[in-house]
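To keep things clear, I will list the structure first and then write my remarks on it.
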Amino acid sequence: MHALNMEPSDDRAVAVSKIMATDVTKVYSTKKSQFVALDRVSFHVDAHEFVSFVGPSGCGKSSLLRILAGLESMTTGSLSISGHEIDGPGADRGMVFQTYTLFPWLSVRENIEFGLTLKGVPLFEKRAVSDHFMELVGLQKFARSLPKELSGGMKQRVAIARALANNPEVLLMDEPFGALDPQTKNSMQELLLRIWEKEKTTVVFITHDIEEAIFLSQRVYVMQAHPGRIRQEVVIPQGLRETLECKDTESFIKLKKQIISLIGDHEE
Ligand SMILES: Nc1ncnc2c1ncn2[C@@H]1O[C@H](COP(=O)(O)OP(=O)(O)OP(=O)(O)O)[C@@H](O)[C@H]1O
Ligand SMILES: [Mg+2]
């Protein structure tokens with residue numbers, strides 16, 4: 001008889017999303033007024049998933065990412081990573097922003113090793129990690145260079161390597177390629193896709209470039225502004241985004257038009 005067996009059954013071991021957001025609301029208050037930047041935003045990101053958020057300027061993308069990073073608090077709602085409610089910044093999350101946030105006085109290698117140095121990781125171990133990530137982003141030859149000696153694309157490659165070197169559970173990226181010229185942007189997108197396929201990091205990617213979102217992501221949340229809400233979730237068909245040339249295919253362009261019209265419907 002198994003009727004009295006109170007052990008949880010295997011059925012309960014269902015996969016829980018890496019990130020769970022329920023009704024996240026952010027109200028910015030000034031002396032005179034209150035502004036609802038995010039209004040009951042709910043979403044999930046599974047482990048190893050690449051998920052983007054697109055939407056018009058001011059729809060709350062950066063606010064959402066800062067809340068995920070723990071740099072800002074939400075007004076109401078619930079937001080957890082691996083089942084733990086977010087309560088401030090943590091080493092479980094790596095960040096890459098649009099503007100270069102490298103330490104100008106540190107070399108490429110030292111920038112990449114920064115988090116490991118803080119943690120007191122032994123030198124030989126740090127070197128192995130920075131070697132791995134410099135190779136991953138193709139900067140082995142620039143180990144000793146200072147940020148000022150690098151191009152914009154190279155700086156962002158260091159920023160990505162630095163974030164990944166800390167082995168974060170989630171990589172949070174806010175328009176990381178927004179300041180790059182179109183050609184560099186394209187090659188960075190390909191590089192990021194290759195890195196993601198190899199490292200299988202969970203990525204939350206913010207962009208207002210719809211092509212970029214479709215090319216990189218498995219799912220895209222389309223947002224709307226005033227107030228910032230999720231308008232629709234779009235699942236990107238597998239196999240659509242093999243190479244950069246996919247951007248010229250009929251199915252890619254069709255999807256792009258769909259998302260543009262979703263955003264356009266709500267732009268003021
Ligand atoms: N610290 C703040 N205080 C008051 N209002 C803010 C603050 N930060 C953002 N906002 C407002 O909240 C809204 C969302 O801003 P947010 O930067 O999150 O948008 P975004 O989608 O990232 O825009 P963009 O595409 O231009 O980067 C905007 O209307 C902005 O003015
Ligand atoms: Mg922003």
Side-chain angles (χ1 to χ4, degrees), residues 19-45 50-79 81 86-89 93-102 152-153 155-156 159-160 163 170-182 184-185 188-189 192 203-217 219-234 256 258-268:
I19 302 175
M20 280 296 296
T22 311
D23 290 338
V24 171
T25 294
K26 175 71 187 177
V27 181
Y28 290 109
S29 303
T30 60
K31 274 182 196 154
K32 287 183 190 155
S33 63
Q34 291 205 318
F35 179 78
V36 182
L38 293 169
D39 182 27
R40 287 162 293 156
V41 170
S42 299
F43 64 91
H44 67 97
V45 180
F50 197 123
V51 172
S52 290
F53 288 80
V54 295
S57 183
C59 72
K61 303 183 293 297
S62 295
S63 299
L64 188 60
L65 208 79
R66 285 201 302 272
I67 292 169
L68 272 169
L71 299 172
E72 210 163 284
S73 58
M74 61 193 153
T75 310
T76 55
S78 135
L79 184 51
I81 293 187
I86 290 177
D87 180 24
R93 284 148 286 159
M95 301 280 301
V96 182
F97 298 97
Q98 178 174 356
T99 44
Y100 319 117
T101 48
L102 302 178
K155 285 183 205 166
Q156 284 309 65
I160 293 169
V170 179
L171 185 59
L172 305 172
M173 308 182 89
D174 191 356
E175 306 212 29
F177 311 143
L180 304 176
D181 64 85
T184 310
K185 189 173 181 173
M188 290 297 291
Q189 289 170 0
L192 181 61
V203 183
V204 178
F205 192 94
I206 303 283
T207 180
H208 59 245
D209 182 333
I210 294 161
E211 258 186 27
E212 180 170 75
I214 301 172
F215 178 66
L216 290 172
S217 320
R219 284 189 299 123
V220 175
Y221 285 105
V222 182
M223 295 184 71
Q224 65 187 63
H226 313 298
R229 284 187 182 145
I230 290 180
R231 170 122 168 82
Q232 197 162 315
E233 174 196 2
V234 179
K256 185 178 158 187
Q258 270 173 16
I259 295 178
I260 289 173
S261 71
L262 274 175
I263 294 173
D265 282 354
H266 282 261
E267 245 176 329
E268 282 157 31

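Counting starts at 1 for both ligands and their atoms, following the listed order.
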Under a 3.5 Å distance rule, please check whether R93 uses its side chain to pair with a backbone N or O of A69 as donor and acceptor. yes
In the protein, which heavy atom is nearest to atom 15 (O) of ligand 1, and how far is it? S63 OG, 3.8 Å
Of all heavy-atom pairs linking A213 and V54, the shortest is CB-CG1, 3.4 Å
Numbered atoms of ligand 1 (with element) below 4.0 Å of S57, judged on heavy atoms: 23 (O), 24 (P), 25 (O), 26 (O)
Selected option - heavy-atom contact closest to atom 25 (O) of ligand 1, from K61, K26, H208: K61
Does ligand 1 have an atom that lies less than 4.0 angstrom from a heavy atom of R66? yes
Which is closest to atom 19 (O) of ligand 1 in terms of heavy atoms, G55, G60, G228? G60
Relative to each other, are the rings of H226 and F35 parallel, tilted or perpendicular (30° and 60° limits)? perpendicular
Can you tell me the protein heavy atom closest to atom 1 (N) of ligand 1 and the distance? Y28 CE2, 3.6 Å
With ring centroids as reference points, do F53 and F205 lie under 6.0 angstrom apart? no
Closest non-hydrogen protein atom to atom 23 (O) of ligand 1, residue and atom name please, with distance? G58 N, 2.9 Å
Closest non-hydrogen atom pair between P56 and M223, with its separation: CD-O, 3.4 Å
Please test K26 against D39 for salt bridge (charged side-chain N to carboxylate O under 4.0 Å, His left out), starting from the C-alpha separation and ending with a verdict. CA-CA 7 Å; K26 175 71 187 177; D39 182 27; over 6 Å; no
Locate the shortest heavy-atom distance separating Q34 from V27; write the atom from each residue and the value. CB-CG1, 3.9 Å
Are any of the N/O atoms on H226, whether in the backbone or the side chain, positioned under 3.5 angstrom from an N/O atom of ligand 1? no
Return the CD to CD distance between Q232 and Q258, rounded to the nearest 0.5 Å. 8.5 Å
Does some non-hydrogen atom of the protein lie less than 4.0 angstrom from atom 31 (O) of ligand 1? no
Among all protein heavy atoms in this structure, tell me which lies nearest to atom 13 (C) of ligand 1, with the distance rounded to 0.1 Å. F35 CE2, 3.5 Å
Starting from atom 17 (O) of ligand 1, which protein heavy atom do you reach first, and at what distance in Å? S62 CB, 3.8 Å
Scanning both residues in full, the closest heavy-atom pair of S42 with I230 reads O-CD1, 3.5 Å
Is atom NE2 of H44 surrounded by more than 12 heavy atoms (other residues, nucleotides or ligands) closer than 6.0 Å? yes
Protein N/O/S atoms closer than 2.8 Å to the Mg ion (ligand 2): S62 OG
What pair of heavy atoms forms the shortest contact from T25 to R40, and how long is it? OG1-N, 3.0 Å
Where is the tightest heavy-atom contact between L171 and A163, given as atom of each residue plus distance? CD1-CB, 3.6 Å
N/O of L64 under 3.5 Å from N/O of ligand 1, yes or no? no
